[in-house]
Amino acid sequence: MFIETLANLFSLEYLAVIAACTLYGTVVGAMPGLTATMAVALLVPFTYFMNPLMAISAIVATTSTAIFAGDIPGALMRIPGTPASAAYVEDAHRLSLAGRARSTLCVSLLAASIGGLVGVAILALIAPQLARVAMQFSSYETFWLACLGLSCAVMTSNADVAKSFASLFLGLFIASIGIDVAVGYPRFTFGNYELYDGISFIPAIIGLFALSEILRSARFGESGTRVTAKQERLPTALRETLATLRRYKRNVARSSVLGTLIGALPGAGADIAAWICYAVSRRFSRQPERYGQGHVEGIVDGGSANNAAIGGAWTPALVFGIPGDSVTAIAIGILLLNGLTPGPRIFTDSPELVHTLYGAFALTNLIMIPAGLLVILAASWLLRIPRRVLMPIVLLFSLVGAYAITNSAIAIWIVLALGVLGYAMEANGFPLAPAILGIVLGGIVEDNFMTSMLKAQGDLLAFFERPWAATLGTLTLLVWVLLVWRATRDTLRRRSPTPPKESSS
């Protein structure tokens, strides 16, 4: 079976599909507003003309490369292509402003490739065992995991704890717009039925990051800070990248394994994995004060966790037919259309599918390196375009991407409103990252909290009765205590009078 799988993957037809989807995913992921989920959704009509093995290979190739490519607009224009890229967008952009855009993106590329290979290795070795752990997660554990992700966004922010919490609560408020999950009553919709489904996080990201950056560019013009076209040569960037990965090899290994484990939890995906691994990286770093100021260590951890989580998300999808994220949900639908039912019997009934999935993951993460280097070279040439020309093009792509998510003009208004809000927040020192994660995870937190409260009949102690729930709950509460202590310490420092300077006379 292994030899047959290799023969299929290295046939001219399969290689052509994987290479084409790798380039397609890289290009789509690099465009602001076009995400990995959208890239896979646009690919679905073409999979009808493929056999199931080739369709799965195409989805894997598209997903892996689109997740990495989300780092490209984040580094060059401070517009993260995916919510996961928002975890380390400040570090990536500041390094790019210092003339290290190519080396920064090469670090993201190679770290993502290594993380993806580690993820598929763990998936191949212990998929059933990971799935058993994932199946033990009920609404209690998922609630605490989402809360931990939200807490990590505040903990890794360089702004004041109070302002970081304010940004987070603003994001949670935006996530609460729509139908109440408990009573089915619309909230904050002002009678607009198009808001009943809530605020999609893609228009929210485009507004808070892309449009606010465009507004800032319009204010400062060509004199504002931007990534210069003069960047290091590619061989120099590759040498620096290899040295960086050797220096932080433990970070790569840690985040690859942790990202795979988090990705295996239903509903977690690369978003939570990147934020948690970034927070863990800062906690154990020798230079935590440099995070958010242009430190490559956080990019190594975040990039490794992103692609490792993709492999982990396939664990519950394969073993139990439960999608780990939105991409695997689309993949399960394609398998069902082809007469294949994901579940425990798929390892015995369709072993060729499982082996093809493993091989496609490994092959994609290798092909992604030359494809990513080509896109990095092409993207860096965009920096030569004057900002007065580039920014309207970015705005066009952003608005088209937002409209394509909902097929409704309300997405355009969301982008415009949140763009003005994001510009005002940054002008007053409020970080954007906690707000973004609040929008992404707000629905997960509310749904699982209400489900848990209904099951426990209002007993809050039920949130700590299960072993995994107690562990995650205790860890989350400890993070909250740490944040409160840090906020109190900073407040006391500001209030304490500064000692007078001694007179030189």
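Since the model is a prediction, treat every value here as computed from it, not as a measurement.
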Check [X] against [Y] and note the closest heavy-atom contact, atom names and distance.
X	Y	value
G259	C277	N-SG, 4.0 Å
P370	I367	CD-O, 3.1 Å
T22	M368	CG2-CA, 4.0 Å
T26	A69	O-CB, 3.1 Å
S281	N251	OG-ND2, 3.9 Å
A274	G302	CB-O, 4.4 Å

Verify, without hydrogens or angle tests, whether [X] (side chain) and [Y] (backbone) share a donor-acceptor contact under 3.5 angstrom.
X	Y	answer
S96	A75	yes
T364	F361	no
S164	D160	yes
S167	P431	yes
S103	R100	yes

Would you call [X] and [Y] a side-chain contact if the rule is heavy atoms closer than 4.5 Å?
X	Y	result
I56	V60	yes
L170	F430	no
L245	I114	yes
L238	R102	no

Test log, rule side-chain contact (heavy atoms from CB on, under 4.5 Å), inputs L117 and N307: CA-CA 8 Å; L117 292 172; N307 274 38; over 6 Å; no
Derivation and outcome, side-chain contact (heavy atoms from CB on, under 4.5 Å), residues L150 and W275: CA-CA 8 Å; L150 294 174; W275 283 97; over 6 Å; no
Rounded at 0.5 Å granularity, tell me how far [atom1] in [X] sits from [atom2] in [Y].
X	Y	atom1	atom2	answer
I310	N365	CD1	CG	7.5 Å
L208	I439	CG	CD1	5.0 Å
F68	T63	CZ	OG1	15.0 Å
I299	S108	CD1	OG	5.5 Å
L105	L110	CG	CG	11.0 Å
L418	M425	CG	CE	10.0 Å

side-chain contact (heavy atoms from CB on, under 4.5 Å) between I376 and C106, intermediate numbers included: CA-CA 8 Å; I376 290 172; C106 285; 4.3 Å; yes
R283 atom CZ, neighbour heavy-atom count above 12 within 6.0 Å: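 Open: at most 12 neighbouring heavy atoms sit under 6.0 Å from CZ of R283.
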Salt bridge present between R286 and E297 (N-O < 4.0 angstrom):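 A salt bridge is absent here (no side-chain N lies under 4.0 Å from a carboxylate O).
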Just list the side-chain donor-acceptor pairs under 3.5 Å for residues 9-19, sequence neighbours left out, or say none.
{"unit_1": "S11", "atom_1": "OG", "unit_2": "N8", "atom_2": "O", "d": "2.6"}
{"unit_1": "Y14", "atom_1": "OH", "unit_2": "N51", "atom_2": "OD1", "d": "3.3"}

Does a side chain donor of either [X] or [Y] reach within less than 3.5 Å of an acceptor in the other side chain?
X	Y	result
Q287	R290	yes
Q293	D91	no
D71	Y88	yes

Trace of the side-chain contact (heavy atoms from CB on, under 4.5 Å) decision for V280 with L258: CA-CA 10 Å; V280 171; L258 184 57; 4.2 Å; yes
Sub-6.0 Å ring centroid separation between Y291 and Y278: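 Aromatic pair counts; centres sit under 6.0 Å.
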